[in-house]
Amino acid sequence: MSLKNFQLADFFEQGERFVNSGLKRLLPPSSTKPKKLHEAIRYSIFAGGKRLRPLLCLAAAEACRGTWERALPLACAVECIHTYSLIHDDLPAMDDDDLRRGKPTNHKVYGEAMAILAGDALQTCAFEMTAGCEATARYGHQAFVQELARAAGSRQLVAGQAADLEAEGEALSRSELQFIHERKTSALLRCSVRLGGMSADCPPRELDALTEFGSRVGLAFQVIDDILDVTQSTETLGKTAGKDESSQKATYPSVVGLEPSQAIARRLTDAAFKALGAFPKRRVIALRSLAEHLLERDR
Ligand code: GRG
């Protein structure tokens with residue numbers, strides 16, 4: 001996408017369309033046997049998610065002079081991991097929720113067993129997509145697969161979810177809360193921008209800058225998510241509002257207060273902008289606009 005006269009709304013529209021066409025092509029058709037499983041996969045993938053992780057991946061590729069085409073399988077892979085994590089998080093054994101992306105949760109429509117399997121399948125689809133990306137001079141397939149596996153594994157995404165479940169009903173310190181947020185949320189956002197940069201064969205200095213950017217934006221994203229849970233309606237969010245309080249979860253607003261949480265999210269976003277100083281300004285317009293949008297979003 002041309003970075004001249006950049007408009008975030010156009011970036012969202014074109015990026016979403018591009019990612020959706022990639023997902024349609026790379027995932028098995030819903031007619032694949034067993035049909036119910038493949039319908040369940042597509043139900044959640046195309047339920048209307050904001051596609052923030054794939055958009056960050058495409059924007060990071062642009063920042064490193066790459067192309068959307070090369071980043072596409074990786075952008076789709078992170079969305080598959082994200083969607084699997086949402087399906088499993090909504091299960092009765094975890095967060096037990098009825099509403100996601102403005103629709104009944106996967107297990108409400110397809111039953112618990114099929115929802116578990118749809119999540120499992122999305123996770124392996126993500127690795128199939130990653131293995132199908134184009135290797136670059138600096139990064140072979142091993143590097144791409146390892147990157148995603150680490151972010152989605154038992155030290156990051158799954159660690160965050162496990163620690164989050166264990167902490168229900170407990171009073172947490174800010175650093176314990178940060179431990180959870182960095183793993184449950186920030187790790188996959190950071191991985192999204194790193195994969196985008198890697199698809200463009202970025203040099204180590206740019207990868208370090210993207211890592212810093214992704215970590216800060218990822219944490220800011222979760223702080224805002226915590227704030228929205230108390231300030232927005234179920235209708236706006238497309239998922240049950242007030243859930244953190246009812247399930248006795250420690251959040252930034254509950255640990256440090258609402259206004260300090262807003263200030264923390266602002267500081268994290270500014271730190272993310274600072275990390276982008278490693279790039280020429282015109283190459284990071286999309287990344288910068290996305291980070292600002294994540295801070296100001298209402299859902
Ligand atoms: C089951 C291993 C496993 C992990 C689950 C996703 C998750 C971890 C928990 C869900 C609750 C939560 C607060 C997750 C943090 C990440 C987050 C804010 C997810 C929602 O992301 P959005 O807003 O969702 O980008 P959409 O639906 O727009 O894609």
Side-chain angles (χ1 to χ4, degrees), residues 12 15-16 19-20 23 43-57 75-76 78-97 99-103 105-107 112 115-116 118-120 122-123 126 148-168 177-192 214 217-230 232 234 236-247 249-254 265 290 293-295 297-299:
F12 263 96
E16 250 183 73
V19 170
N20 286 344
L23 286 164
Y43 173 77
S44 287
I45 274 280
F46 296 113
K50 296 184 288 297
R51 305 289 193 233
L52 299 173
R53 293 151 193 83
L55 292 174
L56 281 165
C57 182
C76 292
V78 289
E79 186 63 21
C80 288
I81 294 286
H82 170 57
T83 303
Y84 122 72
S85 80
L86 297 178
I87 295 174
H88 281 194
D89 181 65
D90 290 333
L91 288 167
M94 297 216 197
D95 223 28
D96 191 11
D97 222 319
L99 191 69
R100 172 71 67 183
R101 295 176 162 171
K103 292 187 167 176
T105 45
N106 197 292
H107 67 273
E112 267 183 62
I116 292 170
D120 290 342
L122 274 168
Q123 185 168 193
L148 189 68
R150 284 193 175 144
S154 72
R155 292 185 189 90
Q156 296 292 335
L157 176 67
V158 180
Q161 179 74 351
D164 194 37
L165 289 174
E166 276 187 346
E168 268 179 28
L177 185 60
Q178 189 167 327
F179 175 95
I180 294 173
H181 283 11
E182 276 171 358
R183 284 156 185 78
K184 192 178 75 172
T185 310
S186 184
L188 195 58
L189 276 100
R190 180 174 61 225
C191 169
S192 305
V217 164
L219 206 48
F221 179 82
Q222 185 58 58
V223 176
I224 296 294
D225 196 72
D226 287 357
I227 294 172
L228 295 178
D229 186 72
V230 282
Q232 296 292 335
T234 297
T236 305
L237 294 178
K239 60 181 180 181
T240 314
K243 193 71 201 279
D244 292 335
E245 198 185 341
S246 64
S247 52
K249 278 208 172 130
T251 62
Y252 269 78
S254 72
L290 269 170
H293 167 80
L294 295 184
L295 183 70
R297 71 203 165 99
D298 62 1
R299 71 181 186 106

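Ligands are counted one by one from 1 in listed order, and the atoms in each one are counted from 1 as well.
The ligand atoms of ligand 1 that sit less than 4.0 angstrom from a heavy atom of H82 are 19 (C), 20 (C), 21 (O), 22 (P), 24 (O), 25 (O), 26 (P), 29 (O). Of all atoms in ligand 1, listed by their number and element, those nearer than 4.0 Å to a heavy atom of Q222 are 13 (C), 15 (C), 16 (C), 18 (C). Under a 4.0 Å criterion applied to the non-hydrogen atoms of R101, ligand 1 contributes the atoms 26 (P), 27 (O), 29 (O). Which parts of ligand 1 touch H88 is read off a 4.0 Å heavy-atom cut-off, strictly below it: atoms 1 (C). If you number the atoms of ligand 1 from 1 as listed, the ones under 4.0 Å from a heavy atom of K50 come out as 22 (P), 23 (O), 24 (O), 25 (O), 26 (P), 28 (O), 29 (O). Every atom of ligand 1 is numbered from 1 in the order shown, and the set under 4.0 Å from a heavy atom of K184 is 8 (C), 12 (C), 13 (C), 14 (C), 15 (C). Remark: ligand 1 atoms within the under-4.0 Å shell around heavy atoms of T185 are 15 (C), 16 (C). Proximity to Y84 (heavy-atom distance under 4.0 Å) selects the following atoms of ligand 1: 2 (C).
Geometrically, R51 does not engage F12 in a cation-pi contact defined by less than 6.0 Å to the ring centre and at most 45° from the axis.
Going from atom CZ of R101 over to atom CG of L237 covers 14.0 Å, rounded to the nearest 0.5 Å. Of the inter-residue distances, the one linking H82 atom NE2 with L157 atom CG reads 10.0 Å to the nearest 0.5 angstrom.
Between the side chains of D89 and Q161, at least one donor N or O sits under 3.5 Å from an acceptor N or O.
Of the candidates Q156, R53, R297, K249, R53 brings a heavy atom nearest to atom 21 (O) of ligand 1.
Summary of contacts: the protein heavy atom closest to atom 8 (C) of ligand 1 is Q161 OE1, 3.3 Å.
In summary, K249 and D95 engage in a salt bridge, as defined by a charged side-chain N under 4.0 Å from a carboxylate O.
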